[in-house]
Amino acid sequence: MNADKKRCEWVASADPLMIDYHDREWGVGAHDDRKHFEFLVLEGAQAGLSWSTVLRKREGYRRVFSDFDPEKVARYTDKRIEKLLHDPSIIRNRQKVASAVRNARQFLAVQEEFGSFDIYAWRFVDGRPKVNRWKSSKEVPATSPQSDAFSKDLKARGFSFVGSTVIYAHMQAIGMVNDHLVDCFRYRELLP
């Protein structure tokens with residue numbers, strides 16, 4: 001973490017987890033299916049909450065969701081879901097937890113159809129990160145035509161907690177879109 005570098009406005013707080021996430025992960029092009037699944041679970045959990053809340057519980061999610069292995073999570077039973085709802089290391093929302101398990105099953109179906117979730121996901125940006133040129137956080141949209149299409153397709157495949165806003169956050173996190181502000185030190189570092 002470098003305190004003297006200019007960062008995106010949303011990470012202006014002194015929260016070391018947010019700074020580390022911004023500086024090391026957010027917007028980095030990732031092509032690992034497990035990373036895709038991790039962010040789908042975490043972003044679904046975030047709905048209605050702050051990202052810092054989710055980041056503080058990330059290790060708990062990693063532990064209870066089998067290190068984000070979709071094959072293992074897809075086999076979770078109703079009994080296992082009930083157990084998870086009593087674990088304070090995650091956000092104990094029945095719909096969000098059940099959704100993560102249901103989405104794991106759909107995730108495996110996408111992998112089967114496309115060879116990997118990554119191949120499927122990156123089609124929505126023609127295989128290349130969409131690079132924006134925002135000067136202020138106020139300019140950064142909550143959705144895009146690409147996230148609308150991605151979300152609609154996921155819903156048609158039986159995924160839940162994958163609205164366009166959640167999916168746009170996924171696209172930002174996984175590097176499908178570079179929404180670092182142009183004066184943020186990470187913007188240029190992440191240019192293709």
Side-chain angles (χ1 to χ4, degrees), residues 8 10 21-47 51 54-55 58 61-62 65-76 95-134 137 139-182 184 186-192:
C8 295
W10 61 264
Y21 174 69
H22 171 273
D23 290 1
R24 297 174 191 262
E25 278 188 274
W26 194 65
V28 175
H31 296 282
D32 178 75
D33 273 11
R34 196 174 283 200
K35 184 61 75 175
H36 275 284
F37 184 64
E38 175 179 2
F39 279 116
L40 284 173
V41 171
L42 295 177
E43 283 140 7
Q46 181 199 356
W51 186 243
V54 174
L55 281 180
R58 190 178 195 178
Y61 273 92
R62 186 169 280 128
F65 282 100
S66 302
D67 200 26
F68 298 109
D69 182 337
E71 289 186 22
K72 290 180 180 176
V73 176
R75 294 193 300 266
Y76 285 10
Q95 290 178 316
K96 291 177 180 181
V97 171
S99 171
V101 174
R102 186 171 46 257
N103 287 352
R105 295 173 185 143
Q106 301 315 116
F107 192 92
L108 297 177
V110 168
Q111 285 180 319
E112 180 73 25
E113 181 179 346
F114 290 90
S116 74
F117 189 87
D118 185 67
I119 291 169
Y120 161 76
W122 280 83
R123 296 175 321 128
F124 292 97
V125 291
D126 298 322
R128 296 188 348 250
K130 180 173 178 4
V131 178
N132 291 310
R133 296 192 48 79
W134 312 122
S137 290
E139 294 178 273
V140 180
T143 64
S144 70
Q146 295 86 0
S147 70
D148 292 345
F150 193 175
S151 169
K152 183 178 179 182
D153 196 74
L154 286 168
K155 288 177 182 177
R157 293 171 182 280
F159 285 78
S160 58
F161 279 91
V162 290
S164 189
T165 301
V166 168
I167 293 307
Y168 194 72
H170 180 79
M171 294 170 73
Q172 290 171 315
I174 214 79
M176 293 170 69
V177 59
N178 181 349
D179 272 347
H180 284 279
L181 302 182
V182 292
C184 172
R186 290 296 281 157
Y187 179 79
R188 287 204 180 279
E189 289 181 357
L190 295 175
L191 289 176

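The first residue of the sequence shown is numbered 1, and numbering continues consecutively from there.
- To the nearest 0.5 Å, the span separating CD on Glu38 from CD1 on Ile174 amounts to 8.0 Å.
- Glu113 and Arg123 are not joined by a salt bridge, as no carboxylate oxygen comes within less than 4.0 angstrom of a charged side-chain nitrogen.
- Of the charged side-chain nitrogens involved, at least one lies within less than 4.0 Å of a carboxylate oxygen, so that Arg157 and Asp153 count as a salt-bridged pair.
- A distance of 11.0 Å separates CG of Leu191 from CZ of Arg186, quoted to the nearest 0.5 Å.
- A tilted orientation is assigned to the rings of Phe159 and Phe117, their planes being inclined by 30° to 60°.
- We find the CZ-CD distance between Arg75 and Glu71 to be 7.0 Å, quoted to the nearest 0.5 Å.
- Between Phe65 and Tyr76, the ring-plane angle classifies as parallel under the 30° and 60° cut-offs.
- Taking CH2 of Trp134 as the start and NE2 of His180 as the end, the distance is 14.5 Å to the nearest 0.5 Å.
- Note on ring orientation: taking the six-membered ring where Trp is involved, the planes of Phe68 and Phe37 are perpendicular (angle over 60°, cut-offs 30° and 60°).
- Aromatic pair Trp51/Trp26: centroids not less than 6.0 angstrom apart.
- The pair Lys35-Asp118 fails the salt-bridge criterion, with no side-chain N (NZ, NE, NH1 or NH2) lying under 4.0 Å from an Asp/Glu carboxylate O.
- Between the Asp32 side chain and the Arg34 main chain, a donor and an acceptor come within less than 3.5 Å of each other.
- Within 6.0 Å of atom CD in Glu189, more than 12 heavy atoms from other residues, nucleotides or ligands are found, so the atom counts as buried in its surroundings.
- Inter-residue side-chain proximity for Gln172 and Glu43 is flagged as unmet; no heavy-atom pair is nearer than 4.5 Å.
- Partners of Phe124 according to the ring pair (Phe, Tyr, Trp, His ring centres under 6.0 Å) rule, which considers only residues two or more places apart in sequence or in another chain, are Tyr120, Phe150.
- Taking the side-chain contact (heavy atoms from CB on, under 4.5 Å) definition, one finds that Lys155 meets it with Ser151, Val162, sequence neighbours left out.
- Residues Glu139 and Arg133 are not paired through a salt bridge, judged by the lack of any N-O separation under 4.0 Å between the basic side chain and the carboxylate.
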